Amino acid sequence: MPVWCCRCSLAGHFRDYSDTESEGEIFNSLVQYFGDNLGPKVKGMPLVEETSLLEDSSLTLPVVIIGNGPSGICLSYMLSGYRPYLSSDAVHPNTILHSKLEEARHLSIVDQDLEYLSEGLEGRSSNPVAVLFDTLLHPDADFGYDYPSILHWKLEQHHYIPHLVLGKGPPGGAWHNMEGSMLTISFGNWMELPGLKFKDWMSSKRRNLKGDRVMPEEIARYYKHYVKVMGLQKNFRENTYITSVSRLYRDQGDNGSQDRDISTKHLQNQKSKFIKRNWEIRGYQRIAGGSHVPFCLFAENVALATGTLDSPAHLEVEGEEFPFVFHSLPEFGAAINKGKLCGRADPVLIVGSGLTAADAVLCAYNNNIPVIHVFRRRVTDPNLIFKQLPQKLYPEYHKVYHMMCSQSYSADSDPLSDYTSFPEHRVLSFKSDMKCILQSVSGLKKVFKLSAAVVLIGSHPNLAFLKEQGRYLGRNSSQPITCKGNPVEVDAYTYECVKEANLFALGPLVGDNFVRFLKGGALGVTRCLAARQKKKHLFVERGGGDGIA
């Protein structure tokens, strides 16, 4: 089986190589990717087997991005040299922010003090750079205004930072797997990425945008087209699956240049003896015919942009593994489309109080399937997402919320009605005869016969490729990483992990679930990496050397 190695895969093609491909051809590809200044050091190096480690860190990629959804795409855009500047005729409605921007109008936003610009701004993200970038791209959006962005973008190729974006599917990530019949929660223009207006793209496709909210499949097509039209394809690799991301260490007393993967126990015993070096990324790519081609990459920096939709959260109750219990909306939709649930007298149990659960309620309701809707919160809970959505813009979700409030279970209610809600209830167990046991907050138990159950209580990212499944990166290291409850703890302005240098996280992993806010992560990471690159180049220039960073 062909193997990827650092010498051939960093060439930017990730193609398979065979004995017939000469070392010179691989070298030429590598030089094309990194530039001619690496030539003399690369040419004499033998190929490395997948199980070997890189012996010369000069062949290490500056950045590897794991995840090719909107977070990864936006970061690639900015690492490719696209820079935002204040438009010449722009006036931001926030006069204080505008005066700050005027102070350094000649500089791109990437080169400015993000902490200074973010000071005093408020928005629907807990990350200050996310709020800053959002208000620059969509001024006063939360007040219902549709002001144009005050930024214009320039491609400055000298700012390009070599990087690769690894994703399981086509660019767009999870948007390609979302239920096609549902509207997005955000407006189309909030889903767009810098430099390409969503409405302009829709017009170019000769599609009419009937409303402000759009189907997920349109968003997925937009993201895929964005990568192409912005010239980012060379940085993207599809069908890649990451199996491990580990830190390499170097022995301070070793005069050689070899990095090694040191065991955690050995590190703890001799911590002062080793210095942290680069990252080793291992995985495989699926190719035609279903075979897997393993690869091994090395990077100075890794950016986690995986999102949090990989692993649906479970109730962890008895019987949850039965085949009539679903954990995703697509599974539920597929069962309906196959006619497995239509015409059944027994209700479907839907668990959850978020928007995905509401989508499932609407899906069942519109197919004349009776619903038992169970959730732990009170209907008056101020943190329910429905209370944060304007009724005029989101009538279907407010319809569900109205049913949650007005059609709750009582001793006199009919459990076989179209819809019955069970606030402040939880599922105790599922039984093999398709029954479930519910328990109220007071401890009262009820048993119902079901046709199916759909558990939609959130999801966890799949960070199995990191040590401790990435838990050690969270604010609470004893719990799994989640978007709301336990996001990855990062520096507020650089998005670098507090507990791991040269590892960055953005998007849902740091609590930004909405596309309009995750773009701030790309700005923070790019600002950090650009500043470090500039500092490194100054060091090389002052200290002499061969110019290899």
Side-chain angles (χ1 to χ4, degrees), residues 65-72 166-170 172-179 182 216 220 238-246 281-284 286 302-335 350-357 359-360 375-376 426-427 430 452-490 497 503 505-515 518:
I65 303 167
I66 300 176
N68 66 353
S71 295
L166 307 180
K168 296 176 182 177
W175 285 94
H176 290 278
N177 302 320
M178 291 187 185
E179 182 67 30
M182 302 300 174
E238 301 178 17
N239 304 314
T240 57
Y241 296 79
I242 309 301
T243 55
S244 73
V245 174
S246 56
I281 302 105
R282 290 177 180 266
Y284 62 89
R286 285 183 177 173
V302 170
L304 302 174
T306 62
T308 60
L309 295 177
D310 287 311
S311 179
H314 284 57
L315 296 168
E316 306 296 343
V317 299
E318 177 191 348
E320 197 172 1
E321 73 283 357
F322 288 131
F324 67 88
V325 182
F326 305 126
H327 290 86
S328 75
L329 193 55
E331 278 185 299
F332 180 47
I350 296 174
V351 184
S353 58
L355 296 179
T356 308
D359 283 336
F375 46 96
R376 293 193 176 194
R426 66 189 184 102
V427 176
F430 297 100
V454 195
V455 178
L456 300 168
I457 55 173
S459 59
H460 303 304
N462 181 4
L463 298 176
F465 51 81
L466 292 171
K467 68 177 183 181
E468 301 174 16
Q469 289 75 48
R471 291 189 179 201
Y472 78 107
L473 300 173
R475 294 175 184 172
N476 183 348
S477 58
S478 65
Q479 297 294 322
I481 300 297
T482 59
C483 177
K484 292 183 179 179
N486 189 36
V488 173
E489 188 177 12
V490 295
C497 295
L503 183 65
L506 62 163
L509 290 175
V510 298
D512 285 330
N513 243 343
F514 292 103
V515 174
L518 59 79

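Just so you know, these numbers come straight off a predicted model, no measurement behind them. Values reported hereafter were calculated over all heavy atoms of this structure, with side chains retained and with hydrogens, waters and symmetry mates removed.
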Spacing of [X] atom [atom1] and [Y] atom [atom2] [to the nearest 0.5 Å]:
| X | Y | atom1 | atom2 | value |
| --- | --- | --- | --- | --- |
| Ile457 | Arg426 | CD1 | CZ | 12.5 Å |
| Tyr472 | Ile481 | OH | CD1 | 10.0 Å |
| Phe430 | Glu321 | CZ | CD | 10.0 Å |

Could you check whether any side-chain heavy atom of [X] comes within less than 4.5 Å of a side-chain heavy atom of [Y], counting everything from C-beta outward?
| X | Y | answer |
| --- | --- | --- |
| Thr482 | His460 | yes |
| Val325 | Leu315 | no |
| Ile281 | Ile242 | yes |
| Val245 | Leu304 | no |
| Val488 | Cys497 | yes |

Side-chain donor or acceptor of [X] paired with backbone N/O of [Y] under 3.5 Å:
| X | Y | value |
| --- | --- | --- |
| Asn486 | Gly474 | no |
| Asp512 | Leu506 | no |
| Thr240 | Gly167 | yes |
| Ser311 | Asn462 | no |

Give me the atom names and distance for the closest heavy-atom approach of [X] to [Y].
| X | Y | value |
| --- | --- | --- |
| Gly169 | Asn68 | O-ND2, 2.8 Å |
| Gly72 | Ala305 | N-CB, 3.9 Å |
| Leu509 | Gly307 | CD2-O, 3.8 Å |
| Ser478 | Arg471 | O-NH1, 3.1 Å |
| Ala360 | Leu456 | CB-CD1, 3.6 Å |

Self-check item: With sequence neighbours excluded, residues passing side chain to side chain donor-acceptor pair (under 3.5 Å) with Glu318
Solution: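 Partners of Glu318 by the side chain to side chain donor-acceptor pair (under 3.5 Å) criterion, ordered by chain and then number, come out as Lys431.
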Quiz prompt | Residues that Glu320 engages under side chain to side chain donor-acceptor pair (under 3.5 Å), provided they are two or more places apart | solution = His327
